[in-house]
2 protein chains.
Amino acid sequence: MRRIAPDRDQLLAIVAEVFREHGYEGASLSLIGEATGLGKGSLYHFFPGGKEEMARAVIAHIDGWFEDNVFAPLRDSADPQAGIGHMFEATDSYFRSGRRVCLIGAFALDESRDLFAGQIRDYFGRWVTRLAEALARSGHRPGEASELAEETVAAIQGALTLARAADDLDVFSRALRRLRMRLGLSVKI
Amino acid sequence: MRRIAPDRDQLLAIVAEVFREHGYEGASLSLIGEATGLGKGSLYHFFPGGKEEMARAVIAHIDGWFEDNVFAPLRDSADPQAGIGHMFEATDSYFRSGRRVCLIGAFALDESRDLFAGQIRDYFGRWVTRLAEALARSGHRPGEASELAEETVAAIQGALTLARAADDLDVFSRALRRLRMRLGLSVKI
DNA sequence: GCGACATTGTACCGAATGGTACAATGAGTC
DNA sequence: GACTCATTGTACCATTCGGTACAATGTCGC
């Protein structure tokens, strides 16, 4: 049995950070090479498709993390409220309380969206759907659950933007606290 | 009296659209030249500071539009509810019901934020402050008004992201409808 | 040590990048 | 027509871009 995965995981994490900070166009191969310590030879060995394949792999990597740590708990928790609580904790931790920005959300905004439209739509679509299902199971009427889910995911994205614009992490914390309350969770102190 | 403003206005509008679609890094001088019909000679004549000055002027231009059409009505309307209603109409119209993305929000996300941090913080800060004041004047307690304003502006940004990600304009319309309701406005049919 | 293959460094490619220099043109004033 | 100054097109600059080619390594099973 061969082990490629672990190194590739942390490689993708580093590349993700470069895309996150500089955007798709702004993340040059030299920046990526510098951050990963890999030359073009290695980079193109692991990602023969070049920059576009790197971005695609990074999105899939992030998507996988959310699938495991957010979407699956939303779907599988016996207690839907517990699943939703789990979502907020994972979200707060992933975005480092607002220090980090959503790569996929950023990609959605500029013209790189066209390249990755399918992956982007999938990611957000699954997030909203899974959350809506959990809300429905916890007592909301279906239509209401759907709107509330969409509103919640959008609020998280907006809070990330605003927190970064204001350079104030509390913006994100406040948003999460309000969302927990609105979704009927007890807010931890 | 000399008239420079009108041409410069529509020039800035075109340049803004290029930045909006391609981001700061992605908006190359050749794209800008192509969109405006101007060569580098003219471009650098109007913006001696190059690309950075163009972006700065574009942000200021957008900021000015919001000052006139959103922030001022929020501050000056005798009836604060009317001012808030005006804000939603102007916002919906500016973002073309979700077809357009917020340039300043997009700039806030990637590394170009560092270049324009001050302008970006100003823009969002004034939006939140003006809205909070209007909400306070319409009866909300100050702390509550402040949180509600922050929540509303973030919700608009998030809805723009999500609408674009899902490639579904209704996401934005639904968000605006919910916000109007939450802020106590009658929703138009 | 051998062969197979994964990994890497380096040199290189044409194209595009942001930016500069400057001469030519435009239009309006006197 | 001459002067002024805003505007423009073009050629050019060094640098960087994403990407390719390939020989030189490393690393493993055998």
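A, B, ... follow the sequence lines: proteins, then strands. Residue 1 opens every chain. Note that this is a predicted model, so its numbers are computed, not measured.
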Just say parallel, tilted or perpendicular for the rings of [X] and [Y], cut-offs at 30° and 60°.
X        : Y        : value
A:Phe66  : A:Phe95  : tilted
A:Tyr24  : A:Phe116 : perpendicular
B:Trp127 : B:Tyr123 : perpendicular

Degree of bending in the helix from C:dG1-D:dC30 to C:dC30-D:dG1 once both end axes are built from five pairs, to 10°: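 Rounded to the nearest 10 degrees, the bend comes out at 10°.
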
Whether over 12 other heavy atoms sit under 6.0 Å from A:Arg182 CZ: yes

Donor-acceptor contact present, side-chain A:Arg164 to main-chain B:Leu109, <3.5 Å: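 Checking the backbone N and O of B:Leu109 against the side chain of A:Arg164, a donor-acceptor pair under 3.5 Å is found.
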
Same apolar cluster: B:Trp65 and B:Ile156, side chain cutoff 4.5 Å: yes

A:Asp79 and A:Ser77: side chain donor to acceptor below 3.5 Å: no

Pick out the pairs of N or O atoms, protein on one side and nucleotides 14-21 of chain C on the other, that lie under 3.5 Å.
residue : atom : partner : partner atom : Å
C:dT17  : OP1  : B:Ser28 : OG           : 2.9
C:dT17  : OP2  : B:Ser30 : OG           : 3.0
C:dG18  : OP1  : B:Lys51 : NZ           : 2.8
C:dG18  : OP2  : B:Leu29 : N            : 2.7
C:dG18  : N7   : B:Lys40 : NZ           : 3.2
C:dG19  : OP2  : B:Tyr44 : OH           : 2.6
C:dG19  : OP2  : B:Lys51 : N            : 3.2
C:dG19  : O5'  : B:Tyr44 : OH           : 3.0
C:dG19  : N7   : B:Lys40 : NZ           : 3.0
C:dG19  : O6   : B:Lys40 : NZ           : 2.4

B:Glu34 CD - D:dG9 P separation (whole Å):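 Checked: the CD to P distance equals 14 Å.
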
Distance under 6.0 Å and angle within 45° of ring axis: A:Arg100 vs A:Tyr94: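 Relative to the ring axis of A:Tyr94, which defines the angle, A:Arg100 lies inside both limits.
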
OP1 or OP2 of D:dT7 under 4.0 Å from side-chain N/O of B:His45: yes

